[in-house]
Amino acid sequence: MKQIRGLSIMMGIVALGVAFAMTACTTGYTPKNAPESFACVPEGKLEKDIAPEAELAELTCFFKKYEGMETLHFKVGVKNVSGNDQRYRVNLFLDNGKAVGGLIPSSTKKGLVPPGTTETFVYPVSQMPRQPKSVLLRIRTVSE
């Protein structure tokens, strides 16, 4: 009786190990030998909602340590295509419900984004060790 119970416990442990290995392979974790930066999502999975005064100059992703773990970071570049100095609000909404964002420039002490120039900012996504399947990018102007 003890042998059967021990065997069933061992089979359960093996089954859990196999299930864990299979889910780890399908969750989208990026291998350690990934390139420094990469396209965040395929072009068809990126939805853009951009103000007419702005142009998306750059959207790349990379993994870097943040709060003690390898975390996804978005690098967003916004070009001012209007005739006036601007400040932009950037929001990134991910397929798993997470969202990040902020202002470009983050502070107005050095002024706003002049016409024709591009400003970039990096947004870390806390506790996000994988690449998203889809992203909604929203860029709006901020009134002074």
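FYI, side chains are in, hydrogens and waters are out, and symmetry mates aren't considered; it's all heavy atoms of this structure.
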**Study point:** Salt bridge flag under 4.0 Å for residues Lys48 and Glu43
**Key:**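 Judged by the 4.0 Å cut-off on N to carboxylate O distance, Lys48 and Glu43 do form a salt bridge.
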With a 3.5 Å distance limit and no angle check, can you tell me whether [X] reaches the backbone of [Y] through a side-chain donor-acceptor pair?
X: Ser106; Y: Leu103; answer: no
X: Glu119; Y: Gly77; answer: no
X: Gln131; Y: Ala39; answer: yes

Point to revise | Interatomic distance, Tyr66 atom OH to Thr71 atom OG1 [nearest 0.5 angstrom] | key: 8.0 Å
Point to revise | Asp49 CG to Glu47 CD distance, which is reported to the nearest 0.5 Å | key: 7.5 Å
Study note, to complete from the structure: side chain to side chain contact (heavy atoms under 4.5 Å, CB included) with Phe93: of Leu136, Leu137, Val135, only one passes, and it is Leu136
Exercise for review: Would you indicate whether Lys45, at its atom NZ, is surrounded by more than 12 heavy atoms from other residues, nucleotides or ligands within a distance under 6.0 Å?
Suggested key: no
For residues [X] and [Y], report the shortest heavy-atom separation together with the two atoms involved.
X: Cys40; Y: Leu59; value: SG-CG, 4.1 Å
X: His73; Y: Lys64; value: CE1-O, 3.4 Å
X: Glu67; Y: Ser126; value: OE1-OG, 3.4 Å

Practice item. Check the side chains of Ser82 and Asn84 for a donor-acceptor pair under 3.5 angstrom, ignoring hydrogens and angles. Key: no
